[in-house]
There are 4 protein chains.
Amino acid sequence: MTFSAAVSGASGYAGGEVLRILAGHPGIEIGAVGAHSNAGQRLGELQPHLHSLTDRVLVDTTVENLADHDVVFLALPHGASAAIAAQLPPETVVIDAGADHRLESAEDWDQFYGSAHAGTWPYGLPELIVDGEGTRQREQLRGATRIAVPGCYPTSALLALGPGFAAGLLEPEDVVIVAASGTSGAGRAVKPHLLGSEVMGSMTPYGVGGAHRHTPEIEQGLSRAAGERVRISFTPTLAPMPRGILTTATARVAEGVTAAQLREAWEGAYVAEQFVTVLPEGSWPATKSVAGSNHAQLQLALDPRAGRVVVTCVIDNLVKGTAGGAVQSMNLALGLPEDTGLNLQGVAP
Amino acid sequence: MTFSAAVSGASGYAGGEVLRILAGHPGIEIGAVGAHSNAGQRLGELQPHLHSLTDRVLVDTTVENLADHDVVFLALPHGASAAIAAQLPPETVVIDAGADHRLESAEDWDQFYGSAHAGTWPYGLPELIVDGEGTRQREQLRGATRIAVPGCYPTSALLALGPGFAAGLLEPEDVVIVAASGTSGAGRAVKPHLLGSEVMGSMTPYGVGGAHRHTPEIEQGLSRAAGERVRISFTPTLAPMPRGILTTATARVAEGVTAAQLREAWEGAYVAEQFVTVLPEGSWPATKSVAGSNHAQLQLALDPRAGRVVVTCVIDNLVKGTAGGAVQSMNLALGLPEDTGLNLQGVAP
Amino acid sequence: MTFSAAVSGASGYAGGEVLRILAGHPGIEIGAVGAHSNAGQRLGELQPHLHSLTDRVLVDTTVENLADHDVVFLALPHGASAAIAAQLPPETVVIDAGADHRLESAEDWDQFYGSAHAGTWPYGLPELIVDGEGTRQREQLRGATRIAVPGCYPTSALLALGPGFAAGLLEPEDVVIVAASGTSGAGRAVKPHLLGSEVMGSMTPYGVGGAHRHTPEIEQGLSRAAGERVRISFTPTLAPMPRGILTTATARVAEGVTAAQLREAWEGAYVAEQFVTVLPEGSWPATKSVAGSNHAQLQLALDPRAGRVVVTCVIDNLVKGTAGGAVQSMNLALGLPEDTGLNLQGVAP
Amino acid sequence: MTFSAAVSGASGYAGGEVLRILAGHPGIEIGAVGAHSNAGQRLGELQPHLHSLTDRVLVDTTVENLADHDVVFLALPHGASAAIAAQLPPETVVIDAGADHRLESAEDWDQFYGSAHAGTWPYGLPELIVDGEGTRQREQLRGATRIAVPGCYPTSALLALGPGFAAGLLEPEDVVIVAASGTSGAGRAVKPHLLGSEVMGSMTPYGVGGAHRHTPEIEQGLSRAAGERVRISFTPTLAPMPRGILTTATARVAEGVTAAQLREAWEGAYVAEQFVTVLPEGSWPATKSVAGSNHAQLQLALDPRAGRVVVTCVIDNLVKGTAGGAVQSMNLALGLPEDTGLNLQGVAP
């Protein structure tokens, strides 16, 4: 059985990546391919790497063009997706790669986005542990018709620290997360600081001091895993590479927690997860190992001097962090095997 | 008056950078240029960017070749510099860019380096505040004949957090430092993970969990500024760029500390320092802005949700982090103006 | 039906890429995975991006380990593959990614490689036009049991200029080819000039003056297409990127040849080829568009001032230039559809 | 004696580099710093690497603001500089980094720029040999009050091939030049294809088929050296690095010319030139060796199979290719030693 899927935002990086993955998905037929100012152009002009789709012509991102598909992917600026989603049939599986439906707290939404809260949809991070019983987020995604794809930073941060909070091994204060992202995370809009001349050979922080919009989203997920309010300090940085996120997350361990306990908690959390791997001791993750793939790789160490665990996690921001996570969630929504179309190796070197 | 200087380790990145800076230093005449396995080669074969020195021939790194200069720079593996330094005349100004003489604690040395402690030399970070009175480290460097150049990570971390600890605004526990370094920080030795094919497009952590040798050095400097024991969690990462360090340092602020107090402390600490700048609010530092120069640029923000200050600091690991700091210290030792030969703009883009 | 395949040189970049592609090939079961000094290690330690193969253990590259498979891929230094191939059963499909069996001229072999000529195997570039009738090289590959995979530079150069020579539109003298390759083309051996610190931000030529070993291989292919002796000036350069080749090839056009004739010749040559695309006029190829994929993208222009055609061609050196071309040839050898396992989009940005 | 200099276009890459060099020039005091849309901003906001000039405020690029200086640097789009230059006092030394006054042929100007020809100024490439007697271009620059700084590609191409044409060793047809430039060569204007995400890991050609505006400028210089009309095929490519040009230039050698003759001609041409070096045989130039410096490094080889010489030349496009060449020319115009303020080592790695 084949499902039809429409993809909006197809001229951007997230939309392009959704198309790249769907093009290799055996259960999906790609339907309408939507854009805004680029409507009317051949996809090949904008995404010349999508070899099998070069002759597709971009259509306007209208409800008319998107409806009448089994699945609709929205890779749009926040605000735009809620407006369109509201007009799509309830039985259509709508996968929103934007922020509109991620936050449960209207107050957080207001503080960080400053517009009306569009409501909350099931959160598309299947591996997330959502309670002390070890229940996974994927249970909420089976058969869902509305899914909010997590932000790229939250995906890596939640995969990094979730197991420790779910197991009660970490303290909820003084959690610090510093992440380095490739430039595609900033999207395809043309801004001076994203010029190649500025970016190459340089690293720079942004949204420092808790100002980044992914902050409350990370806190929401960790708090759910911990069963109590978790507060983080989150600093994103821009790295001179097109793709990839390296997240370094550290939290104080509870009194008496040992390195062995930590290792067991993380390995246990992911031993049955095909897309998340705790590397063997002594191996450290590199973003390149997951480039182009839906995998996360982690490593952790107890720092006995500081009394903290340090967890490092790499993902491809456009795959596991966006389009891959979106397709994985879609598979759950459609009742397909969760890894359909996602058995991608990393592309390295 | 002109002083003569010998430079060992001249085929490596640190030694090459010392030569680059000395070549433009009006008070220095470059004498012996030493190497190990590359002795006998023209410098131009190994450092073709040092246009004015291409015909210099590398000599063996022996006491005979290095002695008989006013200044000797040692850019050697740890262990090697202590052995040579011990045989140089006491009146020679010896600047050790290696680790041998940085740590005061023999116990820390033993734990992190595992060899005999060579003793402690004045620490070559002139701007470091070393007590509650605001005394700077430069006082110890004037007229000194033995100077230990700080590690590149410690330079940025101490510049980032020093003012807050000196002013009593920060708590000594749960300090977290995550830093991204360009690959030249790993030196010029050929190792598989430093191949361009591996490095480009990838970020990777290393020495996680407090294992990196710069950890006790950072703690030593911060503890001195704080007047009490400071413990850090330090995670270094390797970034796909040849030069530069971006350090993200965060600490819990003491009860009641305001953003204005923080800003005042940092700006006050550096207002008279020509090589360290706190950027105007709203500007974030980029490593490229200090590439090739002896400057550090900082920015800070209070994160009220997390109750922490986040300080980001960029330096060029090879200049302010190594060779520039070395020459700045040498100037103090020789009684020259501190910025002689160091008025270098950054090379951007 | 499933064929078994052994891959030697699996710890290198070419071997790793063969594995990446075979892992997604529906007709192949990966058997022995061979290495030299890395034998005994888990593949995950060396190729952590090959998620589905991490637990494979590398075996020694011996005839015993490689035999008993339907297909054997040799990704070995030149010289080594001929020795092993000679001992493999004649019915085994042996695909040599090395140089041993590419050149027909023993004299050329001797001049450029300086060892005994191992003989010539069918050349694994299916799209190459090999005579004035438009016969393609793929005819020689159907059912073949020994195949010599072309070098990465020759693949791009032959795809770039082949149509013009086959159509008699180009003059055989003063052909100039300048190509820029990503660093993976230089392999995974650890050499000082391939360090990330040296490579990033830098371009450098090598093998200038006709010294590169791919020179006679390119001349051989172009001469075959032209039906007369073609002489080239070939200059390879190393570019600061891990993958990709951009080849700029230019030749004098024959008297009276028009831009329209040129366009028609190139478009006609590739209109039925799924892995080679002449871009629409006005679009120029970027190596990133073919990263990770088996595609070549070309563009050409007549320079009326100079009386020359300029053809630019991009490929991924590790895919179409090595492993993808190898698998495409294998498909022909085994009687499988030529694109089996090769419908890969590019991974961009 | 100190001269005052105004710099327009100071928010761009070329203007910023002029400032970087002038800031270290002992004979220049920097006066007005002009911009267009950025007028009124602090220089530190736009060029945070120019540490000694951060508090300068950008003024409008008007004749009033620029006049009343001994020297005026124009780093403006073509067209704009001619208009301003016409209104500056005749005794003011005007250095135009733009294209307006480079071409002698009004016909070429019309064909490649399509606007009115503003006339021709002395060409700011001091080392260029302009006749069979070996006369250098610098003779025209001494005491000049109007100077046209060469384009970055022409600088490298003319340095590469000039000696051979001046010595009568090369044939004037079938000259082929392929060059790779860092992205700063495309300026600081924000365009989609210059985004870091697009540029990193990718190479792409542009202006192919003789369409690039530097084509007639290169032909003009080579023809002058040769004393006869030289025709070139020129293809520029964009490389994933912020700075640097690698030019590969190849021409057919005249009958009977030997490798020794070639070497002698090139070495002889540059032996007395401090900014241009022919590397020792066996060394190939890397753009990084000249990053930040005013040097060009060359290497050449005779390709006996092809009957051609291949010359590779590296420069920093922003220094020797623009701002450094501009200051070098200014020194000649002002009667200062030609290398004043230009004794810059390369910044590597």
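Note that the structure is a prediction, hence the values are computed from the model and not measured. Labels below follow one simple rule: chain letters A, B, ... track the order of the sequence lines, proteins then strands, and each chain is numbered from 1.
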Do Leu161(B) and Ile232(B) touch side chain to side chain, with heavy atoms closer than 4.5 Å? no

Are the side chain of Ser181(B) and the backbone of Leu238(B) linked by a donor-acceptor contact shorter than 3.5 Å? no

Engaged part of Val208(B) at the chain A interface, taking heavy atoms whose separation is under 4.5 Å: both

Derivation of the side chain to side chain contact (heavy atoms under 4.5 Å, CB included) call for Met203(A) and Met203(B): CA-CA 11 Å; Met203(A) 286 204 69; Met203(B) 287 204 67; 4.0 Å; yes

Would you find a donor on one side and an acceptor on the other, under 3.5 Å apart, between the side chain of Arg252(B) and the backbone of Glu171(B)? no

Could you tell me whether the side chain of Ser156(B) and the main chain of Val314(B) form a donor-acceptor pair under 3.5 Å? no

With no hydrogens and no angle check, is any side-chain donor or acceptor of Thr155(A) less than 3.5 Å from a backbone partner on Gly151(A)? yes

If I measure from the heavy atoms of chain B, does Arg308(A) come under 4.5 Å with its side chain, its backbone, both, or neither? side chain

Does any backbone or side-chain atom of Ser233(B) lie under 4.5 Å from a heavy atom of chain A? Answer side chain, backbone, both or neither. both

Winner by heavy-atom pair count (cut-off under 4.5 Å) against chain B, out of Thr204(A), Asp174(A), Val178(A): Asp174(A)

Greatest number of non-hydrogen atom pairs under 4.5 angstrom with chain A, of Ala259(B), Gly210(B), Ala286(B), falls to Ala286(B)

Given side chain to side chain contact (heavy atoms under 4.5 Å, CB included), test Thr322(A) with Glu17(A) step by step and report yes or no. CA-CA 8 Å; Thr322(A) 307; Glu17(A) 195 72 357; over 6 Å; no

Would you say the side chain of Leu159(A) lies within less than 4.5 Å of the side chain of Tyr270(A), judging by non-hydrogen atoms? yes

Heavy atom to heavy atom, less than 4.5 Å: which residues from residues 242-249 of chain B reach chain A? Arg243(B), Leu246(B), Thr248(B)

Of all the residues in residues 217-228 of chain A, which have a heavy atom that comes within less than 4.5 Å of a heavy atom in chain B? Glu219(A)

Side chain to side chain contact (heavy atoms under 4.5 Å, CB included) evaluation trace for Gln261(B) with Val257(B): CA-CA 7 Å; Gln261(B) 280 176 290; Val257(B) 169; 4.1 Å; yes

Sort by residue number and list every member of residues 288-302 of chain B having a non-hydrogen atom under 4.5 Å from chain A. Lys288(B), Ala301(B), Leu302(B)

Gap separating the CG atom of Asp108(A) from the OH atom of Tyr113(A), nearest 0.5 angstrom: 10.0 Å

Chain A interface, residue from Ala211(B), Gly201(B), Gly182(B), Ala239(B) that has the most non-hydrogen pairs under 4.5 Å: Gly201(B)

Ranked by heavy-atom pairs below 4.5 Å to chain A, first place among Pro205(B), Pro240(B), Pro304(B) goes to Pro205(B)

Any heavy-atom pair between the side chains of Val311(B) and Thr250(B) that's under 4.5 Å? no

Using atom types as modelled, flag every donor-acceptor pair under 3.5 Å from a side chain in residues 189-198 of chain B to any protein atom, sequence neighbours excluded.
{"unit_1": "Ser197(B)", "atom_1": "OG", "unit_2": "Thr183(C)", "atom_2": "OG1", "d": "2.8"}
{"unit_1": "Ser197(B)", "atom_1": "OG", "unit_2": "Ser184(C)", "atom_2": "N", "d": "3.2"}
{"unit_1": "Glu198(B)", "atom_1": "OE2", "unit_2": "Tyr13(C)", "atom_2": "OH", "d": "2.5"}

Is the closest side-chain heavy-atom distance between Leu103(B) and Pro216(B) below 4.5 Å? yes

Please check: side-chain N/O of Ser105(B) versus main-chain N/O of Glu107(B), any donor-acceptor pairing under 3.5 Å? yes

Given side chain to side chain contact (heavy atoms under 4.5 Å, CB included), test Glu173(B) with Val230(B) step by step and report yes or no. CA-CA 6 Å; Glu173(B) 298 293 327; Val230(B) 175; over 6 Å; no

Ring-ring centroid check His214(A) Phe234(A), cutoff 6.0 Å: no

Assign the ring pair His212(A) / Tyr206(A) to parallel, tilted or perpendicular, where the plane angle (0 to 90°) is split at 30° and 60°. perpendicular

Counting heavy-atom pairs closer than 4.5 Å to chain B, which one of Ala306(A), Ala348(A), Pro285(A) comes out on top? Pro285(A)

